[in-house]
Protein chains: 2
Amino acid sequence: MKTKSSKPAAPFAYQGLDRVIHERARLSVLTSLMTHSSGLSFVELKRLCDLTDGNLARHLQVLEADGMVRLTKEDEAGRSQTTARITAPGRKRYLDYLAVLEQVVRDAASTNQSSHELRGKLSTRTA
Amino acid sequence: MKTKSSKPAAPFAYQGLDRVIHERARLSVLTSLMTHSSGLSFVELKRLCDLTDGNLARHLQVLEADGMVRLTKEDEAGRSQTTARITAPGRKRYLDYLAVLEQVVRDAASTNQSSHELRGKLSTRTA
């Protein structure tokens with residue numbers, strides 16, 4: 001009865017690395033939106049993520065179609081502006097994804113040699 | 001004179017997410033090899049990463065061409081077997097990449113709300 005907690009057959013497969021989120025530009029956009037819960041304008045997102053108009057528009061479409069991001073057009077000083085916000089299901093999926101990233105980091109540090117190297121590289125969160 | 005330490009213009013761009021490493025199957029292979037410094041056979045890698053023969057062969061070629069992995073054919077009980085090992089430059093690049101992954105995790109946890117959610121998701125490495 002302990003099937004679920006038994007050692008996985010493929011411990012390094014990382015099936016939880018959701019392809020929609022894992023793509024670098026989308027990971028940038030989603031991390032920006034996670035840390036700005038009131039939303040970000042198209043212009044702010046472009047700057048934070050260093051993306052071109054075309055690239056950002058394309059990735060936002062993918063994220064909206066997938067239900068992770070909600071886009072709204074808002075008028076500001078007579079000009080229409082797009083604002084992006086992460087949705088509740090999007091936030092949940094992002095957190096599930098992050099838990100897998102943390103697993104990758106822990107796995108990589110699981111040998112003595114790499115943990116020694118990592119201590120040099122990573123800033124201390126264990127202090 | 002503090003140009004280098006100033007706040008980056010695009011803090012969420014994550015340019016350090018090396019595309020060769022970031023692809024999920026290659027991240028699986030490289031993490032497996034980081035934790036097995038004496039190398040892994042093709043068969044062992046297939047199992048650990050849950051990849052098909054064709055997929056694993058293709059990704060190993062990419063990693064070998066990029067100098068991150070060294071492949072050797074070894075005879076065992078009369079049968080030729082491929083063994084993969086991570087190279088020293090490969091290990092260094094992987095660690096640079098990992099430092100960026102850690103940054104993503106820290107950024108995502110930088111708001112109170114998401115840190116609260118993350119504490120529920122991630123196992124404690126800060127204890």
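Protein chains get the first letters and strands the later ones, always in sequence-line order, with residue 1 at the start of each. Atom set for the values below is all heavy atoms of this structure, side chains included, hydrogens, waters and symmetry mates excluded. In this text, all values refer to a predicted model and were calculated from it rather than measured experimentally.
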**Asked** Nearest 0.5 Å, what's the CZ-CG distance between B:F12 and A:L27?
**Response**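 Between atom CZ of B:F12 and atom CG of A:L27 there are 11.0 Å.
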For chain B, the option from [options] that forms the most heavy-atom pairs under 4.5 Å:
options                    : value
A:L101, A:L45, A:L48       : A:L48
A:E23, A:K46, A:Q15, A:R19 : A:Q15
A:V29, A:L30, A:V104       : A:V104

Might you point out which heavy atoms bring [X] and [Y] nearest each other, and give the distance in Å?
X     : Y      : result
B:L98 : A:A108 : CD1-CB, 3.4 Å
B:C49 : A:A10  : C-CB, 4.3 Å
A:A13 : B:D50  : CB-CB, 3.9 Å
A:R47 : B:A9   : NH1-O, 3.3 Å

**Request:** Check the angle between the aromatic planes of A:H22 and B:H22 and answer parallel, tilted or perpendicular using the 30° and 60° thresholds.
**Result:**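 Parallel.
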**Request:** Answer whether the closest heavy-atom distance between the side chains of A:V105 and B:V105 falls below 4.5 Å.
**Result:**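 No, their side chains stay 4.5 Å or more apart.
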